[in-house]
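Since the structure comes first, as structure tokens, the remarks are kept for the end.
This is a predicted model, so every value here is computed, not measured. Letters go in sequence order (proteins before strands), and every chain restarts at 1.
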Amino acid sequence: MIIPIRRPNDRQCTQALHKYFIYLESINFHTLNVDNCSSDIIRDWVTSLKEGDRKAFNHIFKEYNQRLYYFSLGYLKSDKDAEEIVQDTFLKLWERRFFLKPELSFHAYLFKIAFNFIQKRLLKKVKNEELKNDLADELINFDDHTSKLLNYHFLLEHINLLIVKLPYRQKQILELCKLDGYTSAEISEMLNLSIKTVEAHLTAALKFLKERLQSEKFDDLLLFALIFRKK
Amino acid sequence: MNNKLNLLKRYFNNKYSKNDSLELKRMLEMHDSELENLMLMHWEEFRGEKLLKEKDLSVILNQLNDDLSLKSQVRTVTKFYRHFSKIAAILIFPLILAFGTLYFQFNEYLAQKNVFIEVTSPAGLRTSLNLPDGSTVWLNGNSQILYPAVFNKKRNVELKGEAFFKVKSDKDHPFFVLANDINVRATGTEFDVLAYEDDPEISVILKEGKVDVSDVQQTVNKKMQAGYLLKYNKKSLDIDYSSINATSYSGWIGGMLIFENASLKEVVTRMERWYGVKIVIENEELLQLHFKATFMNESIEEALKLLQSTATFKYRFTKRQVNTDGTFASPQIIISKI
């Protein structure tokens with residue numbers, strides 16, 4: 001989805017909405033093709049797959065790949081990860097085809113395989129984002145109200161966009177410190193700078209991010225995004 | 001339950017709060033079936049509520065098909081191996097049996113044909129060899145041993161010259177050494193047999209165990225004990241049986257030439273064999289001399305010089321004579337009175 005995240009003045013809003021509608025028209029939408037095959041047909045395919053029939057494997061792939069891809073994408077929020085889940089799951093399905101039981105729900109069996117892969121990647125993703133969460137905590141004073149607002153995803157993305165706007169050195173040091181978890185002493189050694197310089201860059205970067213987040217009235221931004229998506 | 005399902009859906013649709021994110025993290029780290037059950041519910045419900053553009057995943061399908069083709073090839077190879085190994089397993093026993101029988105038959109054939117092996121050790125050299133039964137033989141210079149390629153019931157060897165035997169113990173198959181007219185019978189012992197054709201006597205020195213010594217005419221039949229020397233005179237058929245230091249006689253195995261109160265005559269004959277030379281004694285009086293010495297790695301000149309230090313005699317090397325065929329005769333040393 002295109003989510004224009006900029007300081008929303010009226011002119012920009014109109015422009016963005018306009019672009020978005022053009023985008024909607026340009027792509028060919030349709031509802032996901034699920035359940036267009038009866039459970040009897042699927043059961044026949046599963047029986048053939050159990051005997052090593054590659055044609056049945058291809059049919060099953062075509063039947064389930066879209067659903068599995070978008071399901072994985074929703075959780076992992078990465079196109080590459082979702083594609084790998086599809087590949088890993090179907091490969092595993094082929095390897096474990098001897099254990100298939102046509103009389104049981106294939107739908108649930110496929111999920112069971114996929115879940116193991118999704119869970120591993122999701123845990124990794126959440127661990128990787130811990131530092132990002134800490135950075136968000138540092139920039140915004142969360143209270144009971146703001147913790148419940150459903151804009152967390154956009155907040156993180158917005159912080160990412162703001163980081164891109166930082167001067168090169170500040171951006172580099174901020175990422176090393178806040179996203180990769182190095183101490184300022186380690187960074188000073190890595191970049192051949194004095195510790196004081198590193199800390200000065202860091203302070204400046206954080207100050208910039210804080211000011212921008214406050215001036216942009218984040219709640220408004222969220223509201224804008226929600227309205228925008230409902231259209 | 002519904003609350004948490006909604007939380008998942010909020011996360012799924014990118015409309016989640018900070019608290020939602022923390023809760024999801026907690027569920028992931030719990031590693032129990034709660035998350036799996038919730039996600040399964042979501043999966044069952046998931047019909048693509050959103051409008052979606054179809055994602056082209058045909059590349060992945062092609063990739064999968066390629067991978068699976070490769071795997072099935074590997075499977076046929078392993079299938080072939082399994083099949084082959086079955087055949088191999090069936091064949092291996094008859095094959096072993098066939099080769100085993102062949103091997104024994106070949107051995108029997110050798111035994112029946114009386115195939116003999118002859119090993120000769122030239123003058124000045126010592127040879128060690130292993131017999132088919134595992135016994136070890138050290139062959140002194142100028143000696144020869146003849147033994148069958150495969151031993152029958154009796155382990156018979158024929159010896160000319162001197163040899164030290166270390167016989168592998170086997171009471172059912174006695175070990176016989178035939179040296180000229182003397183027969184030495186042993187089962188598992190260490191002994192030395194001295195039977196040079198030009199010597200007037202045959203000597204048997206027993207280092208360990210027991211041996212029976214008998215001659216062809218059965219006039220002599222002596223059970224020897226360890227540490228004794230038996231001398232058999234070929235002409236008079238007399239035997240001389242005395243206690244000796246057996247190690248001084250078997251020292252030659254380790255490259256040592258040991259004399260224990262030996263007469264000059266004995267010293268000369270043994271040195272002749274040891275070094276492969278010819279020694280002539282000019283003066284009869286010198287034969288009275290007796291020597292006690294041990295040589296190891298000494299050259300003949302060094303050895304003679306050392307002998308000179310204990311007795312008064314002098315020696316000289318003659319010029320090597322050229323034979324009619326152009327080769328040189330072995331060197332001669334002449335020992336004389338001063």
[X] [atom1]: over 12 foreign heavy atoms closer than 6.0 Å:
X        : atom1 : result
A/Lys125 : NZ    : yes
B/Phe116 : CZ    : yes
B/Lys18  : NZ    : yes
A/Tyr182 : OH    : no
B/Tyr81  : OH    : no
B/Lys168 : NZ    : no

Please flag which part of [X] lies under 4.5 Å from any non-hydrogen atom of chain B: side chain, backbone, both or neither.
X        : result
A/Phe111 : both
A/Leu68  : both
A/Lys120 : neither
A/Asn116 : neither

Spatial distance of atom [atom1] ([X]) from atom [atom2] ([Y]) [nearest 0.5 Å]:
X        : Y       : atom1 : atom2 : answer
A/Phe57  : B/Leu68 : CZ    : CG    : 5.0 Å
A/Leu122 : B/Met39 : CG    : CE    : 6.5 Å
B/Ile60  : A/Asn65 : CD1   : CG    : 8.0 Å
A/Phe90  : B/Leu64 : CZ    : CG    : 8.0 Å
A/His153 : B/Ser21 : NE2   : OG    : 11.5 Å
A/Gln87  : B/Leu57 : CD    : CG    : 10.0 Å

Please find out if less than 6.0 Å separates the ring center of B/His42 from that of A/Tyr75.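 Yes, the ring centres sit under 6.0 Å apart.
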Name the member of B/Leu8, B/Asp20, B/Leu24 that forms the most heavy-atom pairs with chain A at distances under 4.5 Å.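 Maximum pair count with chain A is reached by B/Leu8.
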For side chain to side chain contact (heavy atoms under 4.5 Å, CB included), just list the numbers for B/Leu61 and A/Lys62, CA-CA rounded to whole Å, side-chain angles, deciding distance to a tenth of an Å, and then say yes or no. CA-CA 9 Å; B/Leu61 184 60; A/Lys62 279 170 188 157; 3.9 Å; yes
Structural part of B/Ser58 lying under 4.5 Å from a heavy atom of chain A: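 Contact with chain A involves no heavy atom of B/Ser58 at all.
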Sidechain N-carboxylate O distance under 4.0 Å for A/Glu129, B/Lys25: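 Salt bridge flag = no for B/Lys25 with A/Glu129.
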Heavy-atom distance under 4.5 Å between the side chains of A/Trp94 and B/Asp67, does that happen here?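 No - every pair of side-chain heavy atoms lies 4.5 Å or more apart.
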Between [options], who has the most heavy-atom pairs with chain B when the cutoff is under 4.5 Å?
options                               : result
A/Leu76, A/Asn133, A/Leu73, A/Asp79   : A/Asp79
A/Lys112, A/Gln119, A/Glu83           : A/Glu83
A/Ile118, A/Leu91, A/Leu123, A/Val126 : A/Leu123

Is there a donor-acceptor pair closer than 3.5 Å between any side-chain N or O of B/Trp43 and the backbone N or O of A/His107?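 Looks like yes, one N/O pair under 3.5 Å.
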Could you tell me if A/Lys77 sits above the aromatic ring of B/Tyr11, with its cationic atom closer than 6.0 Å to the ring centre and no more than 45 degrees from the axis?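 Output yes; distance and angle both within limits.
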